[in-house]
Protein chains: 2
Amino acid sequence: MARGKGSDPNNSSHRLTAQDVARHAGVSIGTVSRVINNVPGVTPAVAQKVNAAIAELGWVPNVAAQNMRTSSSRMIGFIFSDIRNALYAQMTKGAEEVLAPRGYLLVTASSDGNPERELALIDLFKRRRADGMILTIEQENNVSTVAAIGNLSMPYVMLEREVSLGSTSVGADHYRGTKQAAEYLIRQGHQRIGIITGGQGTRVARDRVRGLEDAMNAAGLEIDRNLMRLESFSAEYAYRQTQELMGLANPPTALLSMGVRLLPGVLEALQIMGKSYPEDVSLICSNDSDIARIMMPKITAVRYDAMALGRVAAESLLDQVEGRTTSGTPPRIEIPTELVLRDSCRPLL
Amino acid sequence: MARGKGSDPNNSSHRLTAQDVARHAGVSIGTVSRVINNVPGVTPAVAQKVNAAIAELGWVPNVAAQNMRTSSSRMIGFIFSDIRNALYAQMTKGAEEVLAPRGYLLVTASSDGNPERELALIDLFKRRRADGMILTIEQENNVSTVAAIGNLSMPYVMLEREVSLGSTSVGADHYRGTKQAAEYLIRQGHQRIGIITGGQGTRVARDRVRGLEDAMNAAGLEIDRNLMRLESFSAEYAYRQTQELMGLANPPTALLSMGVRLLPGVLEALQIMGKSYPEDVSLICSNDSDIARIMMPKITAVRYDAMALGRVAAESLLDQVEGRTTSGTPPRIEIPTELVLRDSCRPLL
DNA sequence: TTGTAGGCGTTATCAA
DNA sequence: TTGATAACGCCTACAA
C-alpha cells in the first residue's frame with residue numbers, strides 16, 4: 001500500500017545512483033555530479049544529455065551521501081517548548097521563509113519546557129550534524145543547559161532568550177512595549193497596575209517587569225509587589241491570579257496580561273466573577289491575537305511581529321553558518337513593539 | 001561567536017570519528033559500532049571501555065554516514081499549508097509525540113496551499129530520503145500532485161485528505177460532526193441553515209456538506225444552495241460571506257462556521273452589522289477554540305482531537321515504514337467528533 | 001571539457 | 001567475541 005514502483009522505466013530492483021545516470025547518458029559520473037551542482041565548464045549539449053537521463057530514470061541524488069561528502073547537512077534545528085503556542089508557530093513560519101529558499105531544511109522540536117528534553121534535543125541536533133540552531137530554551141540560568149550550549153561546536157542564535165555566552169540573541173522589545181502600555185495607563189490616572197506573566201529566568205520577563213517599574217518610578221508611583229504575578233504563561237495561571245488580584249481588598253485598577261496564552265484565562269476569570277472591563281478593570285494584553293480583536297469591547301494590545309522574529313533569527317544564523325559574520329555582528333537584535341489602542345482601558349480622571 | 005571549541009580534551013583540529021574512539025579505547029572500529037548499536041555479544045568490560053572513550057572524547061556518531069550505510073534517514077516528512085494554522089500545529093505535536101520517542105525526526109514543511117510548492121516539497125523529501133510522509137495537500141484532484149504521490153516509492157499517509165490511490169487516510173468524522181450539528185439545529189426548529197467552509201476538492205468539505213444535506217433531507221427540509229458558501233477557510237472569506245448571508249432578504253436562522261480560522265470573520269461581520277447571536281442567528285463552529293469558549297455567549301462547537309489525528313497518522317505510517325502493516329490495514333481511520341453544547345443557539349419553537 | 005579514483009564515516013560480512 | 005575490510009553514493013582534486 002502506498003508503495004509505488006516509481007516511474008523508473010528500466011525497473012531494475014537496484015536503487016539508482018549517479019553511476020546509472022552516467023551510463024545512461026554515456027558520460028562519466030563526474031560529469032553527472034558537475035551538472036547537478038551547476039559547476040561551470042560543462043558543455044551545454046552534455047548537460048542536456050545528463051539532465052535528460054536524470055529525468056528519464058527519475059534519479060534523485062542521495063542527500064545522505066552528499067552530506068557525508070560535504071560534511072554539511074543544510075539543516076537548521078529550532079528548539080522551543082511547544083509548537084501549539086501560536087508564537088512559535090509564527091516564528092517557525094518566519095524562519096522557514098528565509099531558510100527554505102536558500103536550500104536549508106528547518107527542523108523544529110518541542111521540549112515541553114523540560115530542561116532534560118532540551119538537552120536531549122541539543123544532542124539530537126549535534127548527532128544529526130545540523131548546520132546551526134535557533135534556541136528558545138526554558139530557563140536562561142539552567143547550568144546544564146547553558147553548559148550544553150557553550151559546548152556547541154556549531155553556530156546558534158538565541159531567540160527571545162539570552163545567555164551570558166556572548167551569543168547573538170534576537171528578541172522583541174518587551175521593555176519598551178510594557179513601558180509604553182504602563183505609561184498609557186498612568187496617563188489615564190491608573191496608579192495600581194497589576195501584571196500577570198511568565199517566563200521567569202528569561203530576559204522577556206525581566207524586560208517586562210523593568211518596563212512596568214520604570215514607568216511607575218518615572219511617575220513617582222509606588223510599586224506594589226503583590227500585584228505582580230510572574231510565575232507562568234498558562235491560561236490556568238492567569239485564571240487563578242486574576243481571581244486573586246480582583247478579589248483583593250484593594251484590587252488593581254488596570255491589568256497587564258503579558259503572554260499569548262494568558263488572555264483567555266484572564267477573561268474567563270473576569271466573567272466568572274461578574275466583573276467587566278474596562279468598567280471594573282482596564283486591560284492590556286500581549287501579544288495581539290484574534291481574541292483581542294474580536295472580544296467586545298476590543299482589547300488594547302502590545303503587538304509585535306513574531307514572524308519577523310523567526311525571519312531575523314534565521315538570517316542572523318545563516319550569516320554565521322555561511323561565514324558572513326560581519327566583524328561587528330550585533331550581539332542583540334531587537335524587533336519593535338507597538339501599542340494598539342482599542343477599547344479596554346478606562347480613564348480614571 | 002557561538003562557536004565553542006567543544007569539550008574535546010585532546011583538541012586536535014580534526015573531526016572525531018569512530019576510529020578515534022577505537023584507538024582511544026584500544027579496540028577496533030567494528031567493536032565501537034557494535035557498542036553504540038547495542039549489538040549483542042560484546043563483553044561488558046569492553047563495552048565499558050568504549051563508552052568511556054566515547055564520553056571522554058565527546059564523540060557523536062555521524063548520522064549522515066549512518067544514513068548512507070543503512071539507507072534509512074529515520075526522518076518523516078509532514079506537508080501541510082501553514083504551521084500557523086492551529087490545527088496543523090496540533091497535528092504536528094501529536095505526530096512528534098509518537099515519532100520522537102521512537103527515534104524518528106519529524107520535519108514539517110508549509111506549502112502555503114500552493115500545488116507547485118507541494119510538488120517541490122514532495123521532491124525535497126524524496127531527495128532527503130525520508131522514510132515516510134504525512135500529506136495534507138490542498139486539492140485531492142490536482143493531477144500533478146496526485147501523480148507525484150502515486151510515484152512515491154516510500155510509505156505515506158494522507159491526513160484529512162483522500163486520494164484514489166488506495167493509500168491509508170486518517171481524518172476526523174466531519175460527516176457525523178456536521179450532521180449532528182445540523183440535527184441539533186433542526187430539532188430546535190431551524191429550517192434555513194447556512195454553512196461557510198472551505199477545502200473544496202477535499203473529503204473534509206464533501207463530508208461536511210453531505211452531513212448537512214443528509215440531516216436536512218432526513219427532516220424533509222428543502223436545501224437552499226444559496227446558503228452554502230464553500231470557497232475558502234480564510235477569516236476574510238467568512239467575514240464577507242456572513243455579511244452576504246445575513247443581508248439576504250430571507251437570511252438563514254442558523255449558521256455553521258466549519259473551519260478554525262472562519263469564526264473570527266463571522267463574529268466580526270455580525271458585530272459590524274449590529275447583529276448578535278443567538279438572537280439574530282444561531283451559531284455553531286468547528287473546530288472548538290479559545291474564542292468559542294471565551295466569547296459571550298459561549299459558542300457551541302463541533303470538537304475533535306487534532307493531536308490524536310497527528311498521533312494516529314504517525315502510528316499508521318510507522319506501521320508501514322517498519323513493515324508491520326497488518327494484512328488488513330484499514331485504508332481509512334476516523335477520529336470521532338463531539339458536539340459541545342453552549343449558548344449560541346436559540347430554539348425557534 | 002571530461003574521465004578517474006580516493007575518501008567522507010559508518011555498518012556488516014567474513015575470518016580469526 | 002573481536003578485528004579487518006568491503007561497500008554505501010557522492011564530490012573533487014588531478015590527469016588526460
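Values in this document were obtained by computation on a predicted structure and should not be read as measured data.
- Note on B:Ser33: a side-chain N or O is less than 4.0 Å away from OP1 or OP2 of C:dT11.
- Atom CD1 in B:Ile36 sits roughly 14 Å away from atom P in C:dG9 (whole-Å rounding).
- Under 3.5 Å, the side chains of A:Asp112 and A:Ser110 contain no donor-acceptor pair of N or O atoms.
- Using modelled atom types, one side-chain atom of A:Thr136 and one backbone atom of A:Leu159 make a donor-acceptor pair closer than 3.5 Å.
- Using a 4.5 Å cut-off on side-chain heavy atoms (C-beta onward), B:Ile122 and B:Ile79 make contact.
- Within the nucleic acid shown, A:Gly30 comes within 4.0 Å of at least one base atom, counting heavy atoms only.
- One interatomic measurement links the two molecules: CZ of A:Arg23 to P of C:dG3, which rounds to 14 Å at whole-angstrom precision.
- Within the 4.0 Å cut-off from OP1 or OP2 of C:dT10, not a single side-chain nitrogen or oxygen of B:Thr70 is found.
- For D:dG3, one of the phosphate oxygens OP1 or OP2 lies less than 4.0 angstrom from a side-chain nitrogen or oxygen of B:Thr31.
- Using a 4.0 Å cut-off, some side-chain N or O of A:Gln66 falls inside it from OP1 or OP2 of D:dC11.
- For the pair B:Asn62 CG and C:dT10 P, the interatomic distance rounds to 5 Å; values are reported in whole Å.
- The CG atom of A:Asn67 sits 14 Å away from the P atom of C:dT10 (whole-angstrom rounding).
- Residues B:Ser71 and B:Thr43 each lie close to DNA chain D; by heavy-atom proximity, the contact nearer the 5' end of the strand is made by B:Thr43.
- A:Ser73 and A:Arg129 are not linked by any side-chain donor-acceptor pair at a separation below 3.5 angstrom, with hydrogens and angles left out of the test.
- Residue B:Val46 is in sugar-phosphate contact alone, with no base atom involved, counting any heavy-atom pair closer than 4.0 Å across all strands shown.
- Looking at heavy-atom distances under 4.0 Å, B:Val39 makes no contact with the nucleic acid at all.
- Between the side chain of B:Arg34 and the base of D:dG3, at least one donor-acceptor pair of N or O atoms lies under 3.5 Å.
- Per the geometry, CG belonging to B:Leu16 stands 15 Å off C1' belonging to C:dT10, to the nearest Å.
- Among the nucleotides D:dT5, D:dC10, D:dT2, the one closest to the side chain of B:Ile29 is D:dT5.
- The nearest pair of heavy atoms linking B:Ala64 to A:Asn67 is CB-CB, 3.9 Å.
- Closest to the A:Pro61 side chain, of the nucleotides C:dC8, D:dC10, C:dT10, is D:dC10.
- In this model, the phosphate group of D:dG9 is not approached by any side-chain N or O of A:Thr17 to a distance below 4.0 Å at OP1 or OP2.
- Between B:Arg69 and C:dG9 there is no side-chain polar atom (N or O) within less than 4.0 angstrom of OP1 or OP2.
- Taking only side-chain nitrogens and oxygens, B:Asn37 comes nearer than 4.0 Å to OP1 or OP2 of C:dT11.
- Between the side chains of B:Ser144 and B:Asn142, a donor-acceptor pair is found at a separation under 3.5 Å.
- Here the P atom of nucleotide C:dG6 and the CE atom of A:Met68 are 16 Å apart, to the nearest Å.
- Here A:Val27 lies in heavy-atom contact (under 4.0 Å) with sugar-phosphate atoms only.
- The side chain of A:Gln19 contributes no N or O atom lying less than 4.0 Å from OP1 or OP2 of D:dG9.
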